[in-house]
Amino acid sequence: MNSTPGTSTLPEPDDVAHLRARVAELFPALRGDLEALVRIPSVSNSAFDQAHVAASAEAVAELLRGAGLPEVQILHATGVAGPLGAPAVVARRPAPEGAPTVLLYAHHDVQPPGDAATWDTDPFVPTEVDGRLFGRGAADDKAGIVAHVGALRALSALGDLPIGVTVFVEGEEEVGSPSFLPFLNQHKDLLAADVIVVADSANWKVGVPGLTTSLRGLVDCDVEVAVLGHAVHSGMFGGPVLDALTLLSRLIATLHDEQGNVAVEGLVSAPDPTVDYEEADFRADSSVLDGVRLAGEGTLTGRLWTKPALSVIGIDAPSVAHASNTLTPRATAKISLRIAPGQDPAAALAALRAHLESNAPFGAQVTVHDGETGKPFQAPTDSSAMQAARWAFETSWGTAPVDIGIGGSIPFIADLLDVFPDAAILVTGVEDPDSRAHGANESVHLGELKKVVLAEALLLTRLAQG
Ligand SMILES: [Zn+2]
């Protein structure tokens with residue numbers, strides 16, 4: 001097929017129909033491959049046997065060898081004392097001269113199963129119930145691996161596309177990808193790509209695809225309020241001087257306004273999302289108690305995805321069991337601030353520090369210790385890669401994808417952007433709201449998984465056409 005420079009051509013309807021039929025034909029075997037992966041208990045948490053993580057890397061390498069990628073390697077990051085972290089699988093078909101390269105990411109490690117009694121089925125025995133396949137990793141993220149393998153198998157029948165493909169399946173995502181950054185830097189040449197597809201997120205709901213286009217970032221700090229040189233008797237001194245816990249509470253209370261919006265000046269918000277949650281669903285999912293009013297203003301998705309959110313996540317103070325009738329001289333709180341897409345983390349932390357320091361109650365000594373910072377993510381919504389993805393998802397589902405935000409962060413996305421600043425990152429996934437990733441009874445919807453495989457095959461076809 002020819003394409004005019006500056007415009008992109010869509011695959012012909014015949015190609016789409018052919019691919020759809022091909023994916024349907026391949027799907028039973030693919031599902032068998034997913035089941036085989038779920039049977040390997042590749043829990044990356046160090047309290048579990050890491051031989052299973054090595055075994056899952058081998059199994060993934062074998063699947064990729066069978067998917068038409070000529071170079072398949074199992075690699076580690078290297079530290080001063082030898083290999084670091086869990087084994088990752090990197091499989092490649094280098095790009096023909098002048099053609100783009102796509103990197104397909106997933107992870108082969110899983111969360112611990114938790115209490116087996118809370119599962120309805122054995123977590124490591126894949127079991128189908130009502131069109132969903134249950135098992136630890138069935139969704140997060142072994143289905144992501146299978147989506148990549150399935151798309152490549154479907155395309156190999158169409159002959160080699162004019163596009164380079166690298167599949168990168170890491171083995172330590174569920175423990176925070178500790179050696180991800182050194183791995184990226186040490187294998188930069190192998191992993192360099194124009195478009196990165198991260199298949200580790202979720203769709204909006206069964207029947208409605210989603211592209212994850214924003215993630216909030218995170219900053220935190222410890223704030224100490226000091227009021228006395230040492231603890232003193234609350235009967236002898238109480239009255240003219242307030243204790244540190246009372247003063248810390250008053251300081252914390254300044255961080256939100258009366259409606260529960262974050263009151264720290266200088267923080268940014270991104271525009272409201274186009275979809276919203278039903279309040280009843282949010283209340284059920286979050287287990288908020290009857291009678292409790294929700295905080296903040298605007299849409300619920302805006303409050304969750306595109307505005308800052310601030311929580312007190314710990315306080316160092318005398319425990320109730322050890323309480324005595326003294327005025328506490330000093331107390332410390334850890335403040336966690338989720339930041340909106342578009343917010344600079346250092347600026348957010350500086351704004352939080354300035355707020356805390358300028359609101360010292362009764363002139364108490366306020367000391368702020370800066371903590372961690374993590375960048376938010378906002379995908380450009382009109383890039384050619386994003387347009388290709390929208391077309392592929394809409395063609396596969398018959399329904400346009402929804403732009404989804406995530407209130408939390410995926411820390412490795414920031415690492416990918418640091419190392420490959422020019423790559424377009426597409427965050428896709430196979431989960432739906434009932435997938436229960438990380439929880440008991442994790443599952444993937446098999447009908448949706450088939451649509452994900454087709455969407456990814458269509459995406460690669462479209463990207464190959466430029
Ligand atoms: Zn995951």
Side-chain angles (χ1 to χ4, degrees), residues 33-34 37-38 40-46 48 50 52-53 56-57 59-60 63 85-90 103-114 123-124 126 132-151 167-181 183-184 196-204 209-216 218 374 377 379 404-417 425-445 448-449 452-453 455-456:
D33 293 329
L34 175 58
L37 289 178
V38 171
I40 305 171
S42 52
V43 180
S44 50
N45 181 309
S46 61
F48 291 75
Q50 296 305 293
H52 297 304
V53 177
S56 71
V60 170
L63 285 177
V89 187
V90 177
L103 177 75
L104 305 174
Y105 168 94
H107 61 88
H108 66 87
D109 63 317
V110 298
Q111 284 279 325
F124 297 110
R132 303 189 70 99
L133 187 71
F134 285 81
R136 173 57 85 230
D140 182 14
D141 186 30
K142 287 172 171 171
I145 301 170
V146 160
H148 299 327
V149 169
V167 183
F168 170 31
V169 183
E170 70 155 313
E172 53 179 42
E173 197 278 338
E174 300 294 6
V175 288
S177 306
S179 66
F180 196 77
L181 201 52
F183 189 96
L184 288 186
I196 301 176
V197 179
V198 174
D200 191 21
S201 189
N203 287 303
W204 180 237
L211 285 163
T212 302
T213 55
S214 75
L215 304 168
R216 284 196 295 200
L218 180 65
F377 167 71
I404 299 177
I406 291 188
S409 18
I410 305 180
F412 69 78
I413 300 259
D415 291 344
L416 281 170
L417 279 168
I425 299 192
L426 300 171
V427 183
T428 67
V430 294
E431 291 168 32
D432 64 80
D434 216 18
S435 287
R436 306 193 196 179
H438 299 197
N441 299 319
E442 176 180 348
S443 69
V444 67
H445 186 291
E448 294 293 287
L449 176 58
V452 173
V453 173
E456 195 170 305

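In each ligand, atom 1 is the first atom listed, and ligand 1 is the first ligand listed.
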Visitor: Can you label the angle between the Phe168 ring and the Phe180 ring as parallel, tilted or perpendicular, going by 30° and 60°?
Guide: parallel
Visitor: After noting the C-alpha distance and the side-chain angles of Glu442 and Arg136, does the key distance pass the salt bridge (Lys or Arg N to Asp or Glu O under 4.0 Å) rule?
Guide: CA-CA 6 Å; Glu442 176 180 348; Arg136 173 57 85 230; 2.7 Å; yes
Visitor: So, the side chain of Asp109 versus the backbone of Glu174: is there a donor-acceptor pair under 3.5 Å, distance only?
Guide: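 Checking the backbone N and O of Glu174 against the side chain of Asp109, a donor-acceptor pair under 3.5 Å is found.
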Visitor: Is any NZ, NE, NH1 or NH2 atom of the basic residue among Asp432 and Arg132 found under 4.0 Å from an Asp or Glu carboxylate oxygen of the other?
Guide: yes
Visitor: List-wise, which protein N, O or S atoms are found short of 2.8 Å from the Zn ion (ligand 1)?
Guide: His107 NE2, Asp140 OD1, Asp200 OD1, Asp200 OD2
Visitor: How would you list, by chain and number, every residue that makes a side chain to side chain contact (heavy atoms under 4.5 Å, CB included) with Ser214, sequence neighbours excluded?
Guide: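 Side chain to side chain contact (heavy atoms under 4.5 Å, CB included) check on Ser214 returns Pro341, Gln378.
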Visitor: Can you name the one residue among Glu170, Glu173, His148 that meets side chain to side chain donor-acceptor pair (under 3.5 Å) with Tyr105?
Guide: Glu170
